[in-house]
Amino acid sequence: MNNFDFEKIEEKWQNYWSSNKIIECDLDSEKPKFYNLCMYPYPSGDLHMGHVRNYTIGDVITRYKLLNGFNVLSPMGWDSFGLPAENAAIKTGIHPREFTEERITNMKDQIIRLGSLYDWERELAAHSEDYYKWTQYLFIKLYEADLAYKKDAPVNWCNSCKTVLANEQVVDGNCERCETEVIQKNLNQWFLKISNYSEELLTGLEKIGNWPENVKTMQKNWIGKSEGAQFELKVSGSDILFEVFTTRPDTLFGMTFAVISPEHELMENILKISDNKNQIKEYIEKAKSKSEFERMSITKEKSGVDTHLKVINPMTNEEVPLWIADYVLINYGTGAIMAVPAHDQRDYDFAKKYNIEIRQVIMNKESQKNVEIEAYVEEGVLINSGEFNDLNSHTEASQKIIQYLEKNKMGDKKTTFRLRDWLISRQRYWGCPIPLINCEECGLVAEDIKNLPVLLPEIENYLNTDGSPLSKSEEFVNVECPKCNKPGLRETDTMDTFVDSSWYFLRFLDPKNSEEPFKSKFINDWLPVDQYIGGVEHAILHLLYSRFFVKALRDLKMIDVDEPFNNLFSQGMINFEGAKMSKSKGNIVDPEGYFKSHGADALRLYILFMAPPSDGVDWNDGGIEGTKRFLNKLWENLAQIIDMKVEENNIDESGTEIERQLNQSIESITNHLEKFEFNTAVSDLMILNNNLSSYLNNTELISSDLKDQIIRDVCLLIYPLAPHFGSEIYNNYFNDEISKEDWVKPNKEKLTNPTYELVIQINGKKKNAIEVDRGTTQEQAEEICKTKFNIEINDAKKVIFLEDKLINIVV
RNA sequence: GCCCGGGUGGCGGAAUUGGUAGACGCGACGGACUUAAAAUCCGUUAUUCGAAAGGAUGUGGGGGUUCGAGUCCCCCCUCGGGCACCA
């Protein structure tokens with residue numbers, strides 16, 4: 001056997017795998033199903049190390065599960081709508097489609113070059129007409145089910161990109177892409193009612209399969225459930241009523257003022273009767289002109305204006321002032337609060353600034369803490385609270401006060417969620433058009449299903465000076481209403497690309513269906529995804545939106561599943577020189593060079609070896625030399641074993657030893673792969689390789705059985721991680737294809753060494769160690785201590801003996 | 001501020017239920033081969049005292065539980081991630 005010529009070998013096997021379609025999945029196979037999914041990438045043009053890590057991990061699982069007899073579905077596609085293509089179009093004039101498809105071709109080549117197996121027969125792309133047709137179809141279904149609606153909403157607007165930004169695209173008040181300051185702008189936009197599912201999205205996390213705890217926590221916090229009470233406050237001397245929400249009904253007696261948000265719908269009514277109109281108007285204007293960022297972080301100092309009106313505390317009938325302040329947010333709770341400065345730090349700060357009374361109603365009898373310097377938010381018992389005095393705060397008193405409010409028809413128990421509806425409108429070109437029409441007669445009308453897809457129009461200029469670029473195509477905008485045939489106007493917004501990615505894992509099961517988005521049967525048989533693998537940066541939004549989509553489609557009776565992803569693995573990010581890799585920073589490390597210099601297998605091994613896969617790492621190629629060396633050395637060792645002289649029935653001591661070591665490797669590597677501990681799986685392979693080297697130093701003869709076993713097992717063990725290598729040697733020796741094999745199981749009888757190293761401790765500290773037979777008794781061990789090491793056992797206070805491990809003498 | 005994770009040699013990182021800390025790899029140093037280099041092979045490599053045998057110290061810091069703690073408990077420092085006026 002010649003040396004490990006990775007370039008030739010890798011090409012050979014990549015051709016073999018694609019021409020023999022070894023991963024093409026027959027959905028109706030008898031074998032147990034395994035849906036293995038890597039997050040489909042945005043086609044940026046070049047694979048970066050984050051992709052390499054993702055697709056290597058995915059491929060390890062694919063190949064490992066194949067060998068374990070599963071019918072593995074492992075598809076790949078493209079998240080191919082989105083900003084970069086459009087920005088490039090604005091700059092260069094190249095059509096986003098052309099730009100995107102070129103990049104897809106390139107990236108696909110690189111994924112194949114990495115040696116990862118994907119069922120390319122199922123390839124899909126979000127921007128292709130036969131995909132976005134069905135995105136539109138699903139949108140219409142959601143619309144018909146009352147899960148999509150339009151409303152005016154202040155949005156983050158970047159004046160330079162001319163687009164709405166999602167909250168996560170706003171960094172420190174500036175646009176993530178161009179760093180222009182983000183301003184607020186009101187637009188009439190589309191939302192999806194994800195908030196209908198808040199409770200189920202939360203409880204679903206409890207029932208889900210194996211998800212990382214931190215991801216579940218992030219989702220939980222994002223959904224942000226809080227329980228409390230809601231009740232009405234009446235403005236005295238008027239018929240103005242408004243609701244407030246509180247999680248601390250136990251502090252109700254401490255309410256010394258109330259606050260409503262400047263955007264509150266009752267503001268008109270308040271203005272009418274307030275004698276402080278001018279100041280209020282001025283304040284509202286000021287609040288409006290502030291960006292959300294200014295309102296939240298720069299102006300830590302709270303501000304507000306007195307309405308000179310009073311509201312009535314429902315418990316005490318006492319009149320307290322009503323203020324307007326922008327620290328109360330319009331889109332959380334009811335947009336108005338009861339303020340209890342003694343027990344809420346925000347209210348406390350406000351009360352201090354405007355000299356409003358601070359009345360303590362909770363006291364901890366032990367600490368005797370008062371509210372002179374800050375709000376008291378911890379537990380205690382109620383004081384100054386009438387009949388509720390002496391009840392325990394938070395729990396007991398809250399319950400009792402809620403009961404009181406309910407009994408007297410003043411308020412209710414209430415649960416509020418932080419999760420807001422999903423704004424999906426984008427004033428951009430390169431996205432999925434929203435398939436709705438504004439008809440003069442009928443109002444908003446969904447496009448007829450048979451007219452789908454609503455195609456993206458061809459336009460000249462992608463720059464959108466005020467509205468969406470789609471509005472520039474008159475042909476696109478002016479249509480007949482599908483209901484009444486009168487003139488109508490199309491929606492010109494496109495959808496957030498998270499909509500595309502919220503159902504692509506469904507389409508993979510039926511990617512060529514031209515009648516419907518998918519056959520429900522396939523979904524019901526194959527979902528949830530058994531293993532979903534992707535970057536931790538998608539821990540919240542993509543996963544939450546996909547979960548919402550699946551639940552909504554279930555309620556539309558299109559599918560019968562509750563959750564899209566049963567097991568989730570989130571890999572850590574790969575940074576470079578401490579920073580996130582990104583095109584704009586110019587710090588992308590791409591794998592192309594390593595394919596040439598070290599080969600795909602060495603790169604795969606290295607990226608697995610460099611750190612536990614869920615940890616973030618800083619890219620550093622210092623160690624890749626090591627995995628290349630390892631492959632060369634293993635190649636050489638196996639070649640030597642193949643060339644060894646055969647003599648049957650001649651398993652000598654070193655033969656027994658290598659057999660045992662092999663079995664230990666099988667057991668350990670299997671465990672590591674099951675637990676996604678790929679770094680230690682690689683190190684086990686290296687240890688096995690070192691064992692082979694010493695074996696070869698010690699012996700010249702081998703039985704044919706042992707030879708077959710070593711070659712087969714080593715090839716199988718390395719195959720999921722370095723598939724070209726494993727395939728080639730297996731094929732050279734057995735003249736067959738390794739993927740037909742079954743995964744190896746350790747021979748339990750050949751796992752344990754007959755001897756072990758007995759550790760001798762004095763007072764728990766290791767003093768000596770000696771090789772003894774397995775099963776050595778305490779008496780024998782004590783005897784060894786006496787005779788070999790001169791330790792006087794009789795003087796010992798205590799002797800601790802752990803069989804097959806250690807003896808500890810306490811003196 | 002709140003909620004998650006982390007902190008182990010020069011570096012990346014290993015360590016079942018508490019039981020030999022530093023596996024494996026990189027780097028470095030020494031040697032072999034070579035005219036030379038690369039590649040390869042052999043050896044050394046936590047710190048410290050010692051010529052050596054051997055000893056002492058050591059998993060961010062401090063305390064505790066235990067025969068025994070990287071691992072469990074309490075306090076503190078620090079780094080990374082998420083959320084952040086959410087009533």
Side-chain angles (χ1 to χ4, degrees), chain A residues 167-168 212-222 224-226 228-230 244-249 251 258-259 261 295-297 299-302 325-329 331-340 343-347 349-350 416-420 536-537 539-540 572-573 575 578 605-606 609-612 614-627 629-630 632-633 636 668 671 677 679-690 693 756-769 796-802 805-811:
Chain A
N167 284 334
E168 69 276 9
E213 274 313 310
N214 63 333
V215 173
K216 286 202 257 184
T217 312
M218 280 190 243
Q219 293 220 349
K220 244 178 241 170
N221 294 341
W222 190 262
K225 179 178 182 174
S226 46
Q230 187 161 314
V244 294
F245 171 72
T246 178
T247 53
R248 293 294 306 281
T251 62
V259 186
S261 163
R295 268 178 69 164
M296 286 192 328
S297 37
T299 52
K300 279 265 187 301
E301 175 97 353
K302 294 192 171 29
D326 65 4
Y327 81 90
V328 172
L329 308 176
N331 40 18
Y332 182 78
T334 60
I337 59 160
M338 69 166 196
V340 184
H343 305 292
D344 180 289
Q345 193 57 42
R346 296 155 299 182
D347 298 344
D349 295 341
F350 192 83
T416 303
F417 293 91
R418 211 184 66 106
L419 181 67
R420 297 176 201 170
V536 70
E537 64 272 22
I540 301 177
M573 291 205 268
N575 295 327
L605 286 176
Y606 179 59
F609 182 60
M610 67 190 300
S614 53
D615 285 8
V617 283
D618 207 64
W619 176 257
N620 173 335
D621 66 5
I624 192 170
E625 205 54 47
T627 53
R629 254 179 236 161
F630 156 72
N632 285 330
K633 180 72 189 175
E636 206 176 284
S668 179
N671 286 338
E677 294 164 350
N679 54 330
T680 44
V682 175
S683 107
D684 279 336
L685 285 169
M686 289 172 166
I687 292 168
L688 179 59
N689 187 35
N690 295 344
S693 298
Y756 73 100
E757 199 151 80
L758 176 71
V759 171
I760 294 156
Q761 295 183 331
I762 292 181
N763 293 336
K765 286 200 167 182
K766 182 188 172 187
K767 289 292 164 190
N768 264 302
K797 268 192 199 156
K798 199 171 172 184
V799 176
I800 286 142
F801 178 74
L802 290 176
K805 216 160 229 167
L806 60 80
I807 182 164
N808 181 18
I809 296 137
V810 187
V811 293

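In what follows, chains carry the letters A, B, and so on, assigned in the order in which the sequence lines appear, proteins first and then strands, with residues in each chain numbered from 1.
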**Q** Taking the same atom, P, in G31(B) and in C79(B), what whole-Å distance lies between them?
**A**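 It comes out at 44 Å once rounded to the nearest Å.
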**Q** Produce the list of close N/O pairs, under 3.5 Å, pairing protein atoms with atoms of nucleotides 1-7 of chain B; give distances to one decimal.
**A**
none

**Q** What integer distance in Å separates Asn331(A):CG from A87(B):C1'?
**A**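 Rounded to the whole Å, the gap is 13 Å.
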**Q** Any non-hydrogen side-chain atom of Met686(A) less than 4.5 Å from a side-chain atom of Thr627(A)?
**A**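 The answer is yes, as the side chains (C-beta and beyond) meet within the 4.5 Å cut-off.
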**Q** Whole angstroms only, please: what is the NZ-C1' distance between Lys767(A) and G54(B)?
**A**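 These atoms are roughly 11 Å apart.
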**Q** P atom, G68(B) versus G58(B): distance in rounded Å?
**A**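 My reading of the P atoms in G68(B) and G58(B) gives 15 Å.
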**Q** If I take atom NZ in residue Lys302(A) and atom P in nucleotide A84(B), what distance separates them, rounded to the nearest angstrom?
**A**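 About 16 Å, once rounded to whole Å.
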**Q** Report the C-alpha separation of Arg248(A) and Val340(A) in whole Å, then their side-chain angles, then the decisive distance to 0.1 Å, and conclude whether the side chain to side chain contact (heavy atoms under 4.5 Å, CB included) test is met.
**A** CA-CA 9 Å; Arg248(A) 293 294 306 281; Val340(A) 184; over 6 Å; no
**Q** In whole Å, measure the gap between the P atoms of C77(B) and G25(B) for me.
**A**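 Pairwise P distance, C77(B) against G25(B), rounds to 40 Å.
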**Q** Looking for any heavy atom pair under 4.0 Å, which part of the strands does Gly622(A) touch: base, sugar-phosphate only, or nothing?
**A**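 Sugar-phosphate, no base atom in range.
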**Q** Could you grab the distance from atom CG of Leu685(A) to atom CG of Leu605(A), nearest 0.5 Å is fine?
**A**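 One gets 7.5 Å once the value is rounded to the nearest 0.5 Å.
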**Q** It should be established whether Lys633(A) places a side-chain nitrogen or oxygen under 4.0 Å from OP1 or OP2 of nucleotide C41(B).
**A**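 Answer yes for this pair, as a side-chain N or O of Lys633(A) is under 4.0 Å from OP1 or OP2.
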**Q** Do Asp349(A) and Gln345(A) have side-chain atoms, one donor and one acceptor, less than 3.5 Å apart?
**A**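 Yes, Gln345(A) and Asp349(A) have a side-chain donor paired with an acceptor closer than 3.5 Å.
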**Q** If we call it a pair only when both distances are under 3.5 Å in a Watson-Crick or G-U wobble match, what pairs with A32(B)?
**A**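 U40(B) is the nucleotide pairing with A32(B).
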**Q** Between U45(B) and A52(B), how far apart are the two P atoms, rounded to whole Å?
**A**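 It comes out at 13 Å once rounded to the nearest Å.
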**Q** By the 4.0 Å heavy-atom rule, please label Lys765(A) as base, sugar-phosphate, or nothing.
**A**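 Lys765(A): backbone/sugar contact only, no base atoms under 4.0 Å.
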**Q** Please list, chain by chain and in numerical order, all residues satisfying ring-ring contact (aromatic ring centres under 6.0 Å, His included) with Phe350(A), sequence neighbours excluded.
**A**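 ring-ring contact (aromatic ring centres under 6.0 Å, His included) check on Phe350(A) returns Phe257(A), Trp323(A), Tyr327(A), Tyr354(A).
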**Q** Drop me the distance from Tyr332(A)'s OH to Leu419(A)'s CG, to the nearest 0.5 angstrom.
**A**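 The OH atom of Tyr332(A) sits 11.5 Å away from the CG atom of Leu419(A).
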**Q** Please report the distance, rounded to the nearest Å, between CZ in Phe350(A) and P in A87(B).
**A**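 Phe350(A) atom CZ is separated from A87(B) atom P by 19 Å.
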**Q** Can you measure Ile540(A) atom CD1 to G81(B) atom P for me and round it to whole angstrom units?
**A**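 From Ile540(A) CD1 to G81(B) P: 14 Å.
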**Q** With rounding to whole Å, what would you report as the distance between U44(B) and C76(B) at their P atoms?
**A**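 The answer is 46 Å between these two P atoms.
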**Q** Distance check, rounded to the nearest 0.5 Å: Asn768(A) atom CG versus Ile807(A) atom CD1?
**A**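 Between atom CG of Asn768(A) and atom CD1 of Ile807(A) there are 12.5 Å.
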**Q** What does G27(B) pair with, Watson-Crick or G-U, if both distances are under 3.5 Å?
**A**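 By the stated definition (distances under 3.5 Å), U45(B) pairs with G27(B).
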**Q** Let me know the distance between CD1 of Ile337(A) and P of A87(B), rounded to the nearest Å.
**A**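 After rounding, the reported distance stands at 11 Å.
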**Q** Between U8(B) and U47(B), how far apart are the two C1' atoms, rounded to whole Å?
**A**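 Here U8(B) and U47(B) have their C1' atoms 14 Å from each other.
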**Q** Please give me the minimum heavy-atom distance between Val810(A) and Ile800(A), naming the atom from each residue.
**A**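 Minimum heavy-atom separation between Val810(A) and Ile800(A): CG2-CD1, 4.4 Å.
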**Q** So what does Lys797(A) hit on the nucleic acid, given a heavy-atom distance under 4.0 Å: a base, only sugar-phosphate, or nothing?
**A**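 Lys797(A): no heavy atom of the nucleic acid under 4.0 Å.
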**Q** Roughly how far apart are Asp684(A) CG and Leu688(A) CG, rounded to 0.5 Å?
**A**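 One gets 8.5 Å once the value is rounded to the nearest 0.5 Å.
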**Q** Determine which nucleotide pairs with C2(B), using a 3.5 Å limit on both distances of a Watson-Crick or G-U wobble pair.
**A**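 Paired with G82(B).
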**Q** Looking at every non-hydrogen atom in both residues, tell me the closest pair between Asn331(A) and Arg420(A) and how far apart they are.
**A**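 Of all heavy-atom pairs spanning Asn331(A) and Arg420(A), the closest is ND2-NH1, 3.3 Å.
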**Q** In whole angstroms, how far is the P atom of C85(B) from the OH atom of Tyr327(A)?
**A**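 Interatomic distance, OH of Tyr327(A) to P of C85(B): 13 Å.
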**Q** Looking at CZ of Phe245(A) and OG1 of Thr416(A), how far apart are the two atoms once the value is rounded to the nearest 0.5 Å?
**A**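 OG1 of Thr416(A) is found 3.0 Å from CZ of Phe245(A).
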**Q** From Asn689(A) CG over to Glu636(A) CD, what is the distance, rounded to the nearest 0.5 angstrom?
**A**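 Those atoms lie 9.5 Å apart.
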**Q** Any side-chain N or O of Arg629(A) under 4.0 Å from OP1/OP2 of U40(B)?
**A**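 Yes, because at least one side-chain N or O of Arg629(A) sits under 4.0 Å from OP1 or OP2 of U40(B).
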**Q** So Ser226(A), base contact, sugar-phosphate only, or nothing? Heavy-atom distance under 4.0 Å.
**A**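 Result for Ser226(A) = sugar-phosphate.
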**Q** What's the base orientation of G60(B): syn (chi within 90° of 0) or anti?
**A**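 G60(B): anti.
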**Q** To the nearest Å, give me how far apart CD1 (Ile807(A)) and P (C67(B)) are.
**A**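 Atom-to-atom, Ile807(A) to C67(B), this comes out as 17 Å.
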**Q** 5'-most contact on RNA chain B: Asn620(A) or Met338(A), nearest heavy atom basis?
**A**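 Between the two, 5'-proximity favours Asn620(A).
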**Q** For a quick check of understanding: with a heavy-atom distance under 4.0 Å over all strands, which category does Asn690(A) fall into, base, sugar-phosphate or nothing?
**A**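 Sugar-phosphate: the residue Asn690(A), judged by heavy atoms under 4.0 Å, touches backbone atoms but no base.
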**Q** OP1, OP2 of A84(B) versus side-chain N and O of Arg418(A): anything below 4.0 Å?
**A**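 It does, given that an N or O in the side chain of Arg418(A) lies less than 4.0 Å from OP1 or OP2 of A84(B).
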**Q** Quick one, give me the B/S/- string for nucleotides 12-22 of chain B, reading 5' to 3', where B means a protein heavy atom under 4.0 Å from the base and S means that only happens at the primed atoms, P, OP1 or OP2.
**A** BSS--B-BB--
**Q** Provide the distance between the two C1' atoms, one in U59(B) and one in G6(B), to the nearest whole Å.
**A**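 It comes out at 13 Å once rounded to the nearest Å.
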**Q** For C85(B) versus C2(B), give the span between their C1' atoms, rounded off to a whole number of Å.
**A**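 Straight-line distance between the two C1' atoms is 13 Å.
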